[in-house]
Amino acid sequence: NAGVTQTPKFQVLKTGQSMTLQCAQDMNHNSMYWYRQDPGMGLRLIYYSASEGTTDKGEVPNGYNVSRLNKREFSLRLESAAPSQTSVYFCASSEGQLMNTEAFFGQGTRLTVV
Amino acid sequence: AQSVAQPEDQVNVAEGNPLTVKCTYSVSGNPYLFWYVQYPNRGLQFLLKYITGDNLVKGSYGFEAEFNKSQTSFHLKKPSALVSDSALYFCAVRHNAGKSTFGDGTTLTVKP
């Protein structure tokens with residue numbers, strides 16, 4: 001019953017360092033998403049992948065890249081971390097692009113950039 | 001553009017009392033509305049959704065939500081609050097290509 005698994009759970013980076021956040025889902029979902037959560041700002045979509053082999057920008061894509069490695073895995077990369085990227089990052093998946101399907105979320109990665 | 005507003009940052013209720021967490025929306029076309037709950041240091045969990053049909057939707061943990069098209073609202077309700085209901089609640093609207101827009105969240109505190 002793993003659902004959506006994110007690694008790592010916590011990370012501290014220095015400004016300019018790079019890292020990749022990993023996400024995997026075992027529900028055979030087609031669509032996957034990366035969000036960031038900042039206090040008082042809800043969740044903002046960074047990138048999403050409607051299906052294997054496709055990725056598209058969301059609301060706040062600058063400073064990030066993604067890879068949909070296969071149907072299960074969707075990674076988020078910070079090439080040169082900035083303090084403004086300090087946030088909690090959530091990966092999510094859903095059955096597809098249908099409007100009536102809910103999303104399933106991972107437990108989050110708390111990232112601090114110093 | 002699709003948008004969701006949660007007008008209250010914080011809602012406080014006493015255990016056993018009814019609770020309401022408010023949400024209003026703006027969409028073009030038919031609304032697909034969702035409520036999620038987030039417990040501390042956890043991801044969001046789905047509570048319930050409105051797609052079509054009955055305006056009163058029932059979901060997990062005894063929660064329900066009332067869809068009101070004329071007031072463009074989708075308020076979350078529970079007849080009798082529990083201390084364990086204390087959490088952060090998000091309203092969301094689903095739109096094109098499966099993307100969702102989330103409200104800023106409402107912190108619910110239920111006091112014993």
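Residue numbers start from 1 in every chain, and the chains themselves are labelled A, B, ... in the order their sequence lines are given, proteins ahead of strands.
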Open item on the list: Which residues in residues 7-21 of chain B have any heavy atom closer than 4.5 Å to a heavy atom of chain A?
Closed with: none

Open item on the list: Strictly less than 4.5 Å between heavy atoms, which residues of residues 29-61 of chain B line up against chain A? Please order them by number.
Closed with: B:Tyr32, B:Phe34, B:Tyr36, B:Gln38, B:Asn41, B:Arg42, B:Gly43, B:Leu44, B:Phe46, B:Lys49, B:Ile51

Are [X] and [Y] grouped together when hydrophobic residues (ILVMFWY) are joined by side-chain heavy atoms under 4.5 angstrom apart?
X	Y	result
B:Val93	B:Phe74	yes
A:Met32	A:Leu21	yes
B:Leu108	B:Leu88	no
A:Tyr48	A:Leu76	no
B:Phe63	B:Phe102	no

Below 4.5 Å from any heavy atom of chain B, which atoms of [X] appear? Answer side chain, backbone, both or neither.
X	value
A:Ala103	both
A:Gln37	side chain
A:Leu43	both

- [ ] Apply side chain to side chain contact (heavy atoms under 4.5 Å, CB included) to the pair A:Asp56 and B:Lys99, showing each step before the final yes or no.
- [x] CA-CA 11 Å; A:Asp56 285 289; B:Lys99 293 185 286 185; over 6 Å; no

Open item on the list: Please determine whether the number of non-hydrogen atoms from other residues, nucleotides or ligands lying under 6.0 Å from atom NZ of B:Lys22 exceeds 12.
Closed with: no

Task: Heavy-atom closest contact (B:Phe90 atom, A:Gly42 atom, distance) - done: CE2-CA, 3.7 Å

Open item on the list: Nearest 0.5 Å, please: how far is OH in A:Tyr35 from OG in B:Ser100?
Closed with: 4.5 Å

Task: Interatomic spacing from CZ in A:Arg44 to OG1 in B:Thr101 - rounded to 0.5 Å - done: 12.5 Å

